[in-house]
Number of protein chains: 2
Amino acid sequence: MERWTEPVARHDAVAVLDRLDGRAAHEVADALARMDAVDAGWVFRLLDKERALAVFEELHPLDQQELLAGLREDAVAALVEEMDPDDRARMLGEAPAGVATRVLAGLSPAERSMTAALLGYPEGSAGRAMSPETVAVPVGSTVTEALAVVRRKGAGAETVYTLPVTDAGRRVIGTVSLRDLVLARPGSAVADLVDTGAPRVPATGPAEDAARLMGEANLLALLVVDSEDRLLGLLTIDDAVEIVERADTEDTARQSGATPWSGHYMYVRVTRLARTRAVWLAVLLLAAVLTVNVLQVFEDALEQVTALALFIPLLVGTGGNAGAQAASAAVRAIAVGEVRLADLPAVVWRELRVGLLLGSLLGLLGLAVASLLVGPQVATVVAVTLVAICGWAATVGATMPLLARRVGIDPAVVSAPLVTTLVDATGLLIYFSVARLVLGV
Amino acid sequence: MERWTEPVARHDAVAVLDRLDGRAAHEVADALARMDAVDAGWVFRLLDKERALAVFEELHPLDQQELLAGLREDAVAALVEEMDPDDRARMLGEAPAGVATRVLAGLSPAERSMTAALLGYPEGSAGRAMSPETVAVPVGSTVTEALAVVRRKGAGAETVYTLPVTDAGRRVIGTVSLRDLVLARPGSAVADLVDTGAPRVPATGPAEDAARLMGEANLLALLVVDSEDRLLGLLTIDDAVEIVERADTEDTARQSGATPWSGHYMYVRVTRLARTRAVWLAVLLLAAVLTVNVLQVFEDALEQVTALALFIPLLVGTGGNAGAQAASAAVRAIAVGEVRLADLPAVVWRELRVGLLLGSLLGLLGLAVASLLVGPQVATVVAVTLVAICGWAATVGATMPLLARRVGIDPAVVSAPLVTTLVDATGLLIYFSVARLVLGV
């Protein structure tokens, strides 16, 4: 089905172009990302100028740099000059400083100053991701005048569907949609069509929040302003979609105890992939030493009743699973804005009940299973422990991401793996305490 | 900061309206979702007609139903009549059959037939989510004629920024953007502006794939066609964003071993929340019985060297973490299209190397820590086991989601928790096998 991306005989330009013909830019970009640098550079140079630009803008910044490295200086300058300022800023933001400076120096003064302005905003900010090339409509215009502005300046702008409406001091009044302009009577005043309630975000604010707001409020473009409410640019929905996707990918990585990396899963180096996971694995291993300590405390109980050891993985595993479920639900609910800090007590109360309900169910199941494998006494210990562990794990699992948020840590970081490891140690404490009570060991 | 959403004295209409004034529809909807049904119904009835519709469309289908239940029959009819057909279909699709039939019966014939058509497509399909109210431009038009069509029919359409271009048989030729129409010379032919390569999806295909395609190809609207390439509707980016968000939320739930549910985390019933998690927890508990069986096999080894028991949670925990990291990375890479089935051997080879690298690192760390706590012999067993477990866990973790995909199961379902549980049992096998070799027990 994806035959066209398979390697062709090198330097068979006709065959390659034939295959790429009719493919969308993002498909060609995906194919290039899967080739080695030499092949990718060679195929890329076969594309005509306009298509090359479209494909290039679809590539990941790291792939973009790899391609640029293989192009002649003048080809690089021509390509980068044509890029949208926000895409260019994203690429240069991830490039080594030397490369970025050299590329910037090759730009025309107008493009260079626009890009330098975007690069002046911190990484991950709305300012870095916005498009500065907007078509602003003066608030005093008629619809006819506004449409004339769109015709005059529209070609260079990233979007013309959401038009910022500004006063003489470039201060934002609101937005007007091209749809309203086209549907309105030509003589009407823009002031009557402007949506003054259109949300706006500061350029220094987080791009992820801005992008999620666009999804909630169904916006195609979002006003980005400075501290005095002056227009700086627009964040467009295509960039917002990418920002949210990237943020969700990062959350997924963090939730499994890995540092988010940027790049394509199949093309990131193995050592780099290992590095993204190593720190957390090591931290979790050290945290897990707690479980060894707890077991050492109960070593005599273990020696007396070896059967207790048999259920250790099952119990800590179940606690971990219950904790992970609660943690994942909480992290997602926080990410999409359903849960706020003030909800903490309500969340604790919800999850405690959920956990105890689940624990009761699993306790019965555990009692049945364990009775078949070992005596009724140890089975009772297992069942009681399951109830307690589930209630405890669900509560801890849901509250830890919220507490992390409160102290300014990304909730995704303290989710499943950390919760699991901590619940492991406390779960063992519960297990052996119950064992002491029931078996008197 | 969110003071305006706090409860006000009941029936103090002036105070409530004062607070809601200037709030965006999605903010009011969020506030309503957080009130009980009686308060929400009361506040909702205070909103003027246009605003009520905007707020209603932002509500979750379950909240919509709750609100409708509290409204008079004629108010329900008026409200539902004004909804966009795709939003209406989504609400009715989640409503009990009786309610849906009654609401449908109250609609005008035109709206009823549009909604019934959407409801004819399976849940989760592009057809269910598309908007049938499009402004199609005949391929023979001039730009002036096309703009006239937009002015005539644009008010009722969900979008006018991407216009389907069709032939006399309603067959899709491509799309033309309103931007191009506005920027073109009035006399130009639409045929010269049409993008014939605009992607199109079948109405019966999955909405999630369609939505992700829109993000990749930077589309504001995507053509939805029947099997003969005739225009059925458009999927718009605002709906696509919601579809992707919902799919990612479901993936997050599945990855933690919970059944995805629809609804707001804070307002879904505790018993329902428990039900979404119970099945998997029970399945995982039963799967974990394997770990008991493995330990029973090695019970004599455990009795001889109780110190071996001390490291069980640490080792299975580390294996679980390494497996979860790999599984999450794989699930996400599959979801965003970076990894395909054909990549399986490459993925195995990558993750095996990543796992062994990580294992070597953790092995050294484990050797140091374990040497302090127990003798050098058991410490050696722990270290060797860590290397083997990490290599094994990473490989299993990354391949299981891919294998699931191959047999048609959602990869997210077989990620972290299932991987962890299976790795637990095999990890213990590795541990005691190494112990036999090194300690001769």
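Throughout, protein chains are lettered first and strands after them, A, B, ... in sequence-line order, and every chain is numbered starting at 1.
- Of the two parts of S177(B), the backbone and the side chain both hold a non-hydrogen atom closer than 4.5 Å to a non-hydrogen atom of chain A.
- Considering only heavy-atom pairs separated by less than 4.5 Å from chain A, the leading option among E58(B), R151(B), R350(B), E303(B) is R350(B).
- Only the side chain of L358(B) comes within less than 4.5 Å of a heavy atom in chain A; its backbone stays farther off.
- Heavy-atom distances place both the backbone and the side chain of V268(A) under 4.5 Å from chain B.
- Between G215(A) and V241(B), the shortest heavy-atom distance links the atoms CA-CG1, 3.9 Å.
- Looking only at side-chain heavy atoms (C-beta outward), L357(B) and V270(A) come within less than 4.5 Å of each other.
- Contacts of L220(A) with chain B are made by side-chain atoms alone, with heavy-atom separations under 4.5 Å and no backbone atom involved.
- With a 4.5 Å cut-off on non-hydrogen atoms, V369(B) touches chain A through its side chain but not through its backbone.
- Across A198(A), A326(A), A184(A), the residue that shares the most heavy-atom pairs under 4.5 angstrom with chain B is A326(A).
- Looking only at distances, a side-chain donor or acceptor of R179(A) sits under 3.5 Å from a matching main-chain atom of G154(B).
- The shortest side-chain heavy-atom distance between M266(B) and V347(A) falls under the 4.5 Å cut-off.
- With a 4.5 Å cut-off on non-hydrogen atoms, V279(B) does not touch chain A at all.
- Interface remark: R353(A) contributes backbone and side-chain atoms alike to the contact with chain B (heavy atom separation under 4.5 Å).
- At a 4.5 Å heavy-atom cutoff, the contact between T271(B) and chain A is made by backbone and side-chain atoms alike.
- Among the candidates L310(B), D239(B), D238(B), the residue making the largest number of heavy-atom pairs closer than 4.5 Å to chain A is L310(B).
- The heavy-atom pair separating P313(B) from L428(A) by the smallest distance is CG-CD1, 3.8 Å.
- Of the listed residues D424(B), T236(B), T249(B), the one with more heavy-atom pairs under 4.5 angstrom with chain A than any other is T249(B).
- Between D343(B) and Y265(A) the shortest side-chain heavy-atom distance does not fall below 4.5 Å.
- Contacts between L314(A) and chain B at a heavy-atom distance below 4.5 Å involve backbone atoms as well as side-chain atoms.
- Of the two parts of L290(B), neither the backbone nor the side chain holds a non-hydrogen atom closer than 4.5 Å to a non-hydrogen atom of chain A.
- The choice from Q296(A), R152(A), R212(A), R275(A) that makes the most heavy-atom pairs within less than 4.5 Å of chain B is Q296(A).
- Residues E245(A) and E216(B) fail the side-chain proximity criterion, which asks for heavy atoms closer than 4.5 Å.
- Proximity to chain B (any heavy atom under 4.5 Å) is shown, for A287(A), by neither the backbone nor the side chain.
- Using a 4.5 Å cut-off between heavy atoms, A278(B) contacts chain A through both its backbone and its side chain.
- Most heavy-atom pairs under 4.5 Å with chain A, from the set A217(B), A333(B), G197(B): that is A217(B).
- Heavy atoms of R269(B) lying under 4.5 Å from chain A belong exclusively to its backbone.
- The choice from L219(A), L365(A), L284(A), V354(A) that makes the most heavy-atom pairs within less than 4.5 Å of chain B is V354(A).
- Ranked by heavy-atom pairs under 4.5 Å with chain B, the first of T196(A), D248(A), L302(A) is D248(A).
- With chain A as the partner, the residue from V160(B), V182(B), T318(B) showing the most heavy-atom pairs under 4.5 Å is V182(B).
- Taking 4.5 Å as the limit, every side-chain heavy atom of Q325(A) sits out of range of all side-chain heavy atoms of L273(B).
- Residues L373(B) and N293(A) have side chains in contact (heavy-atom distance under 4.5 Å, counting atoms from C-beta outward).
- Across L361(A), V339(A), I312(A), the residue that shares the most heavy-atom pairs under 4.5 angstrom with chain B is V339(A).
- Across A330(B), A394(B), A157(B), the residue that shares the most heavy-atom pairs under 4.5 angstrom with chain A is A157(B).
- Contacts with chain B were tallied for L183(A), L147(A), V150(A), V289(A); L183(A) has the most, counting heavy-atom pairs under 4.5 Å.
- Within the 4.5 Å cutoff, side-chain heavy atoms of L386(A) are placed close to those of L285(B).
- Between D30(A) and R340(B), at least one side-chain nitrogen of the basic residue sits less than 4.0 Å from a carboxylate oxygen of the acidic one, meeting the salt-bridge criterion.
- Residues L362(B) and L281(A) meet the side-chain proximity criterion, which asks for heavy atoms closer than 4.5 Å.
- Ion pairing of R277(B) with E351(A) is present here, as a side-chain N (NZ or NE/NH1/NH2) and a carboxylate O approach within less than 4.0 Å.
- Using a 4.5 Å cut-off between heavy atoms, A240(B) makes no contact with chain A at all.
- When heavy atoms are compared at a cutoff of 4.5 Å, L286(B) approaches chain A solely by way of its side chain, counted from C-beta outward.
- Between the side chains of N218(B) and E242(A), no donor N or O sits under 3.5 Å from an acceptor N or O.
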